[in-house]
Every structure is written in C-alpha cells, then in structure tokens.
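Atoms within each ligand, like the ligands themselves, are counted from 1 in listed order.
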Amino acid sequence: MPTPFTALIVVDVQNDFCPGGALAVPDGAAVVPVINEMVPRYANVVLTQDWHPAGHASFASAHAGKAPFEMTTMPYGPQVLWPDHCVQGTEGAALHKDLFIPQAQLIIRKGYHVGVDSYSAFREADRVTHTGLAGYLRERGITEVHVVGLATDFCVAWTAMDAVAAGFSASVIESACRGIDLGGSMARAWSDLEAAGVRRI
Ligand code: VGL
Ligand code: ZN
C-alpha cells in the first residue's frame, strides 16, 4: 500500500513501446488501464519519457554494419543496439494517448545525451551521470517508490535497482509492466531485482 511518502514512477508508457511503435513491447498498451486505475491511490506520481536526439548512440542506425538487437561496446560497457525510437518531439516519443494521469507532478526525460543511453530514470548508462530524480524525491520527503511501465527488463528494472542504490525502498508492480525479453533478459531482470532487494508485487 502506498503511504504519503511513496511515489509511483510510471516508466516510458510511450507510443514507440506500444504495438505499432518503433520498439513495440509485446502487449505493451495493456499497462495503460492498469496504471490509470492505480494512480488515484498515490499522492506522488512521476512519469518518465525515453527522449533521444536523432542519431543517438543506442540506435543501430548510428553504427555502420550493425542491425537492431545486436550488441556493441560503448566506453561505459556493453550496449544493446535498438531500432530508432523515442526521438525527441516525435509522435513515437509521446505518452500513450489513453494514459490519464493529470495529477502527475514531474516528467523526467532521459537518454538525451547523444552518446550515452539511460534505461534508469536515476542514472545514465555510464553509471555516474545523475538525472536529478533522487534529489527531487528526497527533497519532497519520499522514501519509497513503486515502479510500473515499459519495459520490465530494461527501463523498469534499472530504475527500480537504482532507486535502491539511491537509498529508497522499491517495488515493481508486475501487473502494470510488460517486458521485451531479449535473450533471457526477463528472467535475468527478475533475479537481479530480487538480489538488489526490490520487492515484486
Ligand atoms: C527502453 C530500450 C531502449 C525501455 C528504452 O524503456 O525499457 N528499452 N530504450
Ligand atoms: Zn531508449
């Protein structure tokens, strides 16, 4: 149950991650009514948007000879290469039209540095550049986060694990998430989440 010190973080419920989008998560739009229904129980709600400049380094199209879903090595480590998605200001980067969260207090955008990906809403993939979300939550007296949205095995999982790393208690609400499941990434995400102390609701 949320307390007055719990924030719901709604991760990347954007057109490109829904059926018909550039990086569609299977059944991704199914999270929309589930999230709409839970939101009134929260005093604090934060949304995130994956928000890449054109030519972003996480796009396969930015790497000669590479195809989407292949791996590459970035200065900060291994990186999955994705189809072009969530380009700043495009319809694909917009929130799903049926997501209804008028009381959301903050929209945090991430992945806007052209050379660095950011699955986590707290910390970019270089693991040192912070987005400011932890400071925002802390200043508002929030101690706990519930994480929902897309995709379970990437942005949801990394956000929940970084929430714990930043000192918050964190839960992932499974019925309000859907995953990509690339090469066993769903099973790995759930075991990493458990090991990090994230609760699975
Ligand atoms: C995501 C892959 C690339 C996500 C974002 O929202 O899970 N996945 N960019
Ligand atoms: Zn992305």
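Ranking the protein heavy atoms by distance from atom 8 (N) of ligand 1 puts F154 CB, 3.9 Å first. Closest to atom 6 (O) of ligand 1, if we only count protein heavy atoms, is D12 OD2, 2.6 Å. From the protein, the heavy atom lying nearest to atom 1 (C) of ligand 1 is C155 SG, 3.2 Å. With respect to atom 5 (C) of ligand 1, the closest heavy atom belonging to the protein is D50 OD2, 3.2 Å.
Two rings, from F122 and H130, have their centers 6.0 Å or more apart.
Among the backbone and side-chain atoms of H52, an N/O/S atom is found under 2.8 Å from the Zn ion (ligand 2). At least one N/O/S atom of D50, whether from backbone or side chain, sits less than 2.8 Å from the Zn ion (ligand 2). At least one N, O or S atom of H85 sits under 2.8 Å from the Zn ion (ligand 2).
Below 3.5 Å of separation, one finds no N or O of H52 facing any N or O of ligand 1. In terms of N/O distances under 3.5 Å, ligand 1 is not approached by W82. Where the criterion is an N or O separation shorter than 3.5 Å, residue side chain and backbone included, L23 fails it with respect to ligand 1. An N or O contact shorter than 3.5 Å is missing between Y119 and ligand 1 by distance.
A salt bridge does not link E174 with R178: every distance from a Lys NZ or Arg NE/NH1/NH2 to an Asp or Glu carboxylate oxygen is 4.0 Å or more. Under the 4.0 Å criterion applied to side-chain N and carboxylate O atoms, E144 and R199 are assigned as salt-bridge partners. Of the charged side-chain nitrogens involved, none lies within less than 4.0 Å of a carboxylate oxygen, so that D153 and R188 do not count as a salt-bridged pair.
The side chain to side chain contact (heavy atoms under 4.5 Å, CB included) with V39 is formed by just one residue from the set I101, V34, V148; it is I101.
Using 4.0 Å as the threshold, H85 has a heavy atom nearer than that to some atom of ligand 1.
When non-hydrogen atoms are compared, ligand 1 lies under 4.0 Å from the backbone of L150 (N, CA, C, O) but not from its side chain.
Relative ring orientation between F17 and H85 is described as tilted, the plane-to-plane angle lying within the 30° to 60° band.
For R109 and Q88, the side-chain atoms include no donor-acceptor pair closer than 3.5 Å. Side-chain N/O atoms of Q79 and D117 include a donor and acceptor closer than 3.5 Å. Side-chain contact annotation: H146 with Y42, donor-acceptor N/O pair under 3.5 Å present.
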